[in-house]
Asks: 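I'd like to ask some things about the structure below.
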Amino acid sequence: MIVAQIWTDNAYRNFNYLIVCPESGEALAIDPLDHRKCLGLAAEKGWEITQVLNTHEHGDHIGGNKAVVAATGAKVLAHAGAKDRIPGLDVGLHAGDVVKVGKSVELEVLDTPGHTMSHVCLLSHGDQRALFCGDTLFNAGAGNCHNGGHPNELYETFAGQLAKLPDGTLIYPGHDYIENNLAFTLDREPDNAAAKALLEEVKGQDTDNALVSTLGQEKDINTFFRLHSPSVIARLREAFPDLPDDPDARTVFLKLRELRNAW
Ligand SMILES: [Zn+2]
Ligand SMILES: [Zn+2]
């Protein structure tokens, strides 16, 4: 599997992706907002975009569909529940579906509500496990729930699905928010040495060659996976004095999400 991460350099800091079968050159474009860059890279490399996959229905993820379909005739795939909100949707996806790219790439569909209620993540099996997670999981952060989502479902997705994937899974999110997210982690957990070191490493990073984290690393530096950390809980109790000594993981997650909304 070839993964090309495409930095859009726009105000929303989107990442687009091409996932390519090295044997056939067929490619799937994930959220190809910057259709010029996506089509340009495919042309340069000799790849043929046959499918467009939207992780969810927000404009900064579907805005390039029309141009890519016009140029390539690609089919558009997204969560079945997004059919009324994504014009030209060809294939509605459900949990457990397998999206094939060319001869050698298979991507498992995860139904991952929270950021919106019609959000999918894609999990590649095979030589390298990788998760294409849209606006559900970011490097050192979690998606917001302001535009059609629910924090409770986002917690279920994190705890029930994402946290259970193998630690070596590569993480490919829909935006670059790593610096701001690490600053939030450190605000919540000032003694997190791994987050401190990583922030130094990625400050002003070349976003055309951005750091690709693993799930194991996220568990160390992403506050939304650190729901049992004594310092996270102690700091949270300063902000919410009514919390018990030993709040459950869901409560910690929801309170962190609430604080992040105003961060
Ligand atoms: Zn979104
Ligand atoms: Zn987005």
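Predicted model, so just to flag it, every value in this text is computed and none were measured. Counting starts at 1 for both ligands and their atoms, in listed order. Residue numbers start at 1 and run along the sequence shown.
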Asks: What pairs meet the side chain to side chain donor-acceptor pair (under 3.5 Å) rule with one or both residues in residues 145-158, with sequence neighbours excluded?
Replies: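 Qualifying pairs: N152-R250, E156-R250.
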Asks: Would a distance-only check, ignoring hydrogens and angles, find a side-chain to backbone donor-acceptor pair under 3.5 Å from D135 to G143?
Replies: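 Not a single qualifying donor-acceptor pair exists.
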Asks: Test your reading of the model: is there a side-chain donor-acceptor pair from D90 to the backbone of V76, 3.5 Å cut-off?
Replies: yes
Asks: Among protein atoms, how many N/O/S atoms lie less than 2.8 Å from the Zn ion (ligand 1)?
Replies: 4
Asks: Charged N to carboxylate O under 4.0 angstrom, D187 versus R235?
Replies: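 R235 and D187: salt-bridged.
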Asks: Using 4.0 Å as the upper bound for N to carboxylate O, is an ion pair formed by R237 and D245?
Replies: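 Looking at D245 and R237, the cut-off is met.
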Asks: Checking side chain to side chain contact (heavy atoms under 4.5 Å, CB included) against I49, which of L28, L39, L41 comes through?
Replies: L39
